[in-house]
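Worksheet: the structure to be examined is printed underneath.
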Protein chains: 2
Amino acid sequence: MKFYTNKMLSNSSKYALKAVMYLALHTEENNKMMVKDISERINVPKAYIAKLLQELAKRKIISSAKGPKGGFYSSPSNKNRTIMEVIEVIDGKKKMESCVLGLEDCNEQHPCPIHSLIGPLKSKMIDLLDSKTINDLAQDLALNKVFLPI
Amino acid sequence: MKFYTNKMLSNSSKYALKAVMYLALHTEENNKMMVKDISERINVPKAYIAKLLQELAKRKIISSAKGPKGGFYSSPSNKNRTIMEVIEVIDGKKKMESCVLGLEDCNEQHPCPIHSLIGPLKSKMIDLLDSKTINDLAQDLALNKVFLPI
DNA sequence: AAAAAAACATGATATTAATCATATAAAGGA
DNA sequence: TCCTTTATATGATTAATATCATGTTTTTTT
Ligand code: FES
Ligand code: FES
């Protein structure tokens, strides 16, 4: 059977997360960064990341300024947004929440076999993404506990 | 931003899982079931599920017989295959294993921020799917602990 | 005020996954 | 043996996602 590249997150939200992390670590209001540079640093095609950055800015996940000396950056309030919010802006709401088998009437009270198996783990995953802020992850990065691969 | 229907499993493997479960519960060597009927019972388009069933049979996740009185069924040895094997036949190997951010050099020793967050949960998920057999789930279904939504 | 530098908006193209269709081969029954 | 019935193999079409491209607006600098 043919090879699939299935995944939990869309490419778009992966890229968005990388960009958001990068901006949280390396920018602030008076130290902005242009699309071109962001693109190079995080290793995502310029035209592609540009579109995502614009959407993220519109939804206040990051900040932006037009014109010369303009660019994107991460403000303190931006950094309080959660990881899940980043994902939702790009992938849309029900992404993570949808059931594994995607059956309408599958839930805690009426679980399909897979649901009862991995449902609890998935809930935990969602809770984590819901509670962790961009700032939380940036802290981990700053402490070199983790790395931002490019 | 436009609406995505992102997911952990491809539609194909969801359908395959439903079919496999159904066959495990309702068929045996001398009680086969034809594509047409399977399609109706599990509520998946005939031409679509047919292709998947053929692949599953080729890979011995289920069994099949041609000609009149033929059809698909689940043998005892079929039922010993794991859930992960079903997924792998359809979605290909690295499906589940691939990192969330999909970075080449992200691993336990060199984790990206997301990895350290949900990596452990994902590992558990994979372990579960690796250890649970079709038969295990069929048991749960037989005991009415869970349901097979259609 | 004009020019340049940036993000913003919008749309086009390409690739991948999902779905459908049809001709071929094997098995059983008349 | 020949016809019918079923799975099998293979390919075509459609829809979704990922990627790229380009004109418009806003802001700064001269
Ligand atoms: S369809 Fe929800 S995991 Fe069961
Ligand atoms: S890229 Fe693996 S989760 Fe980090």
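Quick caveat: nothing in here was measured; it's all calculated off a predicted structure. Values below: all heavy atoms of this structure, side chains included; hydrogens, waters and symmetry mates excluded. Every chain is numbered from 1 and lettered A, B, ... according to where its sequence line falls, protein lines coming before strand lines.
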Protein N or O to nucleotides 24-27 of chain C N or O, pairs below 3.5 Å:
{"from": "dA26(C)", "atom 1": "O4'", "to": "K66(B)", "atom 2": "NZ", "distance (Å)": "2.9"}

Item to check | Phosphate-side-chain proximity, S12(B) and dA17(C), N/O vs OP1/OP2 below 4.0 Å | outcome: no
Checklist entry - Can you tell which of dC20(C), dT8(D), dA7(C) lies closest to the side chain of K51(B)? => result dC20(C)
Checklist entry - Phosphate oxygens OP1/OP2 of dT6(D): is one of them under 4.0 Å from a side-chain N or O of S64(B)? => result no
Checklist outcome for this item: Rounded to the nearest 0.5 Å, the NZ atom of K69(B) sits from the CG atom of N30(B) at a distance of 11.0 Å
Checklist entry - Given the rule in the salt bridge (charged side-chain N to carboxylate O under 4.0 Å, His left out) test, do E55(A) and K51(A) qualify, once you have shown the distances and angles that lead to the verdict? => result CA-CA 6 Å; E55(A) 189 69 25; K51(A) 207 174 193 172; over 6 Å; no
Checklist entry - With sugar-phosphate meaning primed atoms plus P, OP1 and OP2, does K58(A) contact a base, only sugar-phosphate, or nothing at under 4.0 Å between heavy atoms? => result sugar-phosphate
Item to check | Side-chain donor or acceptor of K60(A) paired with backbone N/O of A57(A) under 3.5 Å | outcome: no
Checklist entry - Side chain of S10(B): nearest nucleotide among dG11(C), dA18(C), dA18(D)? => result dA18(C)
Next on the checklist: Measure CD/Q54(A) against C1'/dT10(C) and give the value in whole Å, please.
Outcome noted: 10 Å
Next on the checklist: In whole Å, I'd like the distance from the NZ atom of K69(A) to the P atom of dA3(C).
Outcome noted: 22 Å
Next on the checklist: Nearest whole Å is fine: how far is dT19(C) P from L53(B) CG?
Outcome noted: 15 Å
Checklist outcome for this item: Of the candidates dC20(D), dC20(C), dA7(D), the side chain of M34(B) sits closest to dA7(D)
Checklist entry - Okay, side chain of S39(B), backbone of V35(B): is any donor-acceptor separation there less than 3.5 Å? => result no
Checklist entry - Can you tell me if T27(B) uses its side chain to pair, donor with acceptor, with the backbone of S74(B) under 3.5 Å? => result yes
Checklist entry - Can you tell me how far C1' of dA6(C) sits from NZ of K46(A), to the nearest Å? => result 10 Å
Item to check | Distance, rounded to the nearest Å, where M33(A) contributes CE and dA5(C) contributes P | outcome: 19 Å
Checklist entry - Using a cut-off of less than 4.0 Å, is there contact between a side-chain N or O of Y15(A) and OP1 or OP2 of dT19(D)? => result yes
Next on the checklist: Output the rounded distance in Å from CD1 (I49(A)) to C1' (dC8(C)).
Outcome noted: 15 Å
Checklist entry - OH of Y48(A) versus P of dG11(C): gap in Å, rounded? => result 19 Å
Checklist entry - So, D136(B) side chain and T133(B) main chain: donor-acceptor pair closer than 3.5 Å or not? => result yes
Next on the checklist: Can you tell me if N11(A) touches the phosphate of dT17(D), counting only side-chain N or O atoms and a distance under 4.0 Å to OP1 or OP2?
Outcome noted: no
Checklist entry - Over how many whole Å does the gap from N30(A) atom CG to dT27(D) atom C1' extend? => result 17 Å
Item to check | Pairwise side-chain contact, I61(B) with E85(B), heavy-atom cut-off 4.5 Å (strictly under) | outcome: yes
